[in-house]
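First up is the structure itself, then whatever we jot down about it.
Just the heavy atoms: all of them, side chains too, but no hydrogens, waters or symmetry mates, feed the values below.
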Amino acid sequence: MLKFLMYLIFMIPLCLLMNSWWLIHSLLFLLCFMFVFSMSYLFCWGNLSYIFGCDMISFGLIMLSLWICVLMIMASESIFRYGYYNNFFLFIVMLLLIMLYCTFSSLSMFSFYLFFEGSLIPTLFLILGWGYQPERLQAGIYLLFYTLLASLPLLVGMFYMYSFFGLLYIPLLINSFCINNLFYLCMIMAFLVKMPMFLVHLWLPKAHVEAPVSGSMILAGVLLKLGGYGLLRIFMILMSFFSLFNYIWVSISLIGGIIVSLICMRQTDLKALIAYSSVAHMGIVIGSLMTLNYWGFCGSYILMIAHGLCSSGLFCLANISYERLGSRSLLINKGLMSFMPSMTMWWFLLSSCNMAAPPSLNLLGEISLLNGLVGWSYFTIYVLIFLSFFSVAYTLYLYSYSQHGMYYSGIYSCSLGYSREYLLLFLHWFPLNLLILSSDIVMFWL
């Protein structure tokens, strides 16, 4: 793992060179290619080096981080074109990638916490530096304080654990010491806020709406997955307590998912709609994680990876429309089928993935989640019916409102995409539908 980390660290000086934009981009693609072949198909920790290692869960999420960061640089080409602090932007992206890489490959709980919190700082810089409206300051503070406030008890919980065990080495942590309700809450609250769970989700739509396209991509693609990853890691310590209290989190997540889906139905901002749909999807993931069964675990992991690619692609599409029309409002983004006919296919493909149509990875994930939740309690089926229905409803609303109808009279031309944009969307959509062919990798990791 250290060899890839050194590769990333030595790319930082390259960010400060003039016109190094596409060089960094190509080198990151090379790193993705090299990392794919380092996968150990063992069901335990491999690639061990110093405090870093990699197992099946880490591998998928590190791969996702590398992939989304490459596509972030590709999507933010306008920063390079207008020379808007493009070297500093590359530096921030590389810093964020290093933080995420270290988070997912940490073997120690403390180093995981350190990098988990460290990833907030580059994200904050992205929102504050390259965001759109003046409200980005408020959005950045929301992001920081929501996540920091919930994360401090996690640190205290880790110190308590260290005083009891004498180690924080993740593979050796076992459910063998006396825990109470407070410790349980301390350990999981940070991850539930990061997911985000309904009731503590308010920072997410704000951050998404104010962030640049790269900020939205990394937030939806990878940062929401940190919470799920953390929960998967601490299950082994809190197993006895989860079985007592999990029904609370399942209930909040599933009912919250329905409420958020209804909120989606009345959004007029493209980005806000996609951001709220992320909250609804992550609600199902939290619910299925809390069922503690095999289907739930595997399904949540698959949906995390699928949602990362799909949501990121939709944010790219929203940004492509924004660059042409100067607005993200659905009242102005109408009739895009007449204005940008070649993009309509991509809107259709990524929208169909968002509502879990075959052959996308979302379908496999949602089938597993439904199995896990219905196996846990038969009553969840009534909630899941509505969740699935509204998921299709708001996605169709997004697609049909933006593509059909009379387009805004202030637009007089037909606009085609750049080949860079088509490649960007293809690289989101292709892995999303290709991975279902080798679903045993993402399904049978337990």
Side-chain angles (χ1 to χ4, degrees), residues 57 60-61 116 146-147 150-151 153-154 184-205 219-239 241-261 263-264 275-308 310-311 354 356 362 365-377 379-384 386-388 390-391 446:
I57 314 176
L61 290 166
F116 174 75
Y146 254 89
T147 38
S151 297
L154 175 63
Y184 165 75
L185 270 177
C186 285
M187 291 306 279
I188 69 162
M189 218 42 221
F191 302 126
L192 292 179
V193 170
K194 197 78 168 180
M195 281 291 279
M197 186 179 71
F198 182 69
L199 300 179
V200 284
H201 69 289
L202 290 175
W203 62 271
L204 184 79
L219 263 173
V222 187
L223 293 175
L224 299 191
K225 314 302 173 276
L226 283 170
Y229 177 77
L231 284 175
L232 282 168
R233 287 283 178 243
I234 59 162
F235 270 136
M236 56 192 87
I237 316 160
L238 304 171
M239 195 60 89
F241 254 69
F242 268 113
S243 51
L244 288 175
F245 292 110
N246 56 2
Y247 67 92
I248 300 171
W249 312 119
V250 175
S251 313
I252 292 175
S253 300
L254 294 182
I255 302 296
I258 292 179
I259 296 168
V260 167
S261 299
I263 293 172
C264 279
Y276 274 110
S277 80
S278 294
V279 180
H281 281 112
M282 288 295 115
I284 315 176
V285 170
I286 295 173
S288 65
L289 273 174
M290 295 299 176
T291 58
L292 297 186
N293 59 21
Y294 182 83
W295 280 101
F297 273 34
C298 292
S300 58
Y301 175 66
I302 294 168
L303 197 65
M304 283 198 289
I305 289 179
H307 173 265
C310 178
S311 200
N354 196 44
N362 297 60
E366 291 212 7
I367 288 172
S368 305
L369 297 187
L370 297 184
N371 265 322
L373 282 161
V374 174
W376 177 74
S377 164
F379 290 109
T380 56
I381 199 163
Y382 301 114
V383 186
L384 292 168
F386 285 106
L387 256 175
S388 302
F390 287 132
S391 159
L446 272 181

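The nearest pair of heavy atoms linking His281 to Ser391 is NE2-OG, 4.4 Å. Closest heavy-atom contact between Tyr301 and Gly60: OH-CA, 3.2 Å. The two residues Met187 and Ile234 make their nearest non-hydrogen contact at O-CD1, 3.4 Å. Residue Leu369 comes nearest to Gly299 through the heavy atom pair CD2-C, 3.3 Å, listed as atom of the first residue, atom of the second, then distance. Contact between Leu154 and Ala190 at its shortest, heavy atoms only, is CD2-CB, 3.9 Å. Scanning all heavy atoms of the two residues, the minimum distance from Val279 to Pro196 falls at CG1-O, 4.2 Å.
Side chain of Ser288 to backbone of Leu373: no donor-acceptor contact under 3.5 angstrom is found. A donor-acceptor distance shorter than 3.5 angstrom exists from the side chain of Lys225 to the backbone of Ala220, with no hydrogens or angles considered. Side chain of Trp295 to backbone of Ile367: no donor-acceptor contact under 3.5 angstrom is found. Remark: side-chain polar atoms of Asn293 are paired, donor with acceptor, to backbone N or O of Gly372 under 3.5 angstrom.
Distance CD/Glu366 to CD1/Ile302: 11.5 Å, rounded to 0.5 Å. Put simply, CD1 on Ile286 and CD1 on Ile188 are 9.5 Å apart, with the number rounded to the nearest 0.5 Å. Between the OG atom in Ser300 and the NE2 atom in His307 there is a gap of 13.5 Å [rounded to 0.5 Å]. For the atom pair CG of Leu192 and CG of Leu185, the computed distance is 9.0 Å after rounding to the nearest 0.5 Å. Between Leu231 atom CG and Leu238 atom CG the span is 9.5 Å, to the nearest 0.5 Å. Ser388 contributes atom OG, which lies 5.5 Å from atom CG of Leu370 (distance to the nearest 0.5 angstrom).
No side-chain heavy atom of Phe386 sits less than 4.5 Å from a side-chain heavy atom of Tyr382. Counting heavy atoms from C-beta on, the side chains of Leu226 and Phe191 never come closer than 4.5 Å. Counting only heavy atoms from C-beta outward, the side chains of Pro153 and Met189 never approach each other to under 4.5 Å.
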Exercise for the section: Walk me through it: do Met195 and Leu224 pass the test side chain to side chain contact (heavy atoms under 4.5 Å, CB included)? Expected result: CA-CA 5 Å; Met195 281 291 279; Leu224 299 191; over 6 Å; no
Handout entry: Derivation of the side chain to side chain contact (heavy atoms under 4.5 Å, CB included) call for Phe235 and Leu289
Key = CA-CA 9 Å; Phe235 270 136; Leu289 273 174; 3.9 Å; yes
Handout entry: side chain to side chain contact (heavy atoms under 4.5 Å, CB included) evaluation trace for Met304 with Val285
Key = CA-CA 8 Å; Met304 283 198 289; Val285 170; 4.1 Å; yes
Problem - Candidate pair Leu384 and Leu387, rule side chain to side chain contact (heavy atoms under 4.5 Å, CB included), full reasoning - result: CA-CA 5 Å; Leu384 292 168; Leu387 256 175; 4.2 Å; yes
Would you be so kind as to tabulate the donor-acceptor pairs closer than 3.5 Å made by side chains of residues 245-258, with sequence neighbours excluded?
residue	atom	partner	partner atom	Å
Asn246	ND2	Phe242	O	3.4
Asn246	ND2	Met290	O	2.7
Trp249	NE1	Tyr184	OH	2.8
Ser251	OG	Tyr247	O	2.5
Ser253	OG	Trp249	O	2.8

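Ring geometry for Phe198 against His201 counts as parallel: the plane angle stays under 30°, on a 0 to 90° scale with 60° as the upper cut.
Phe116 and Tyr229 have their aromatic ring centers separated by at least 6.0 angstrom.
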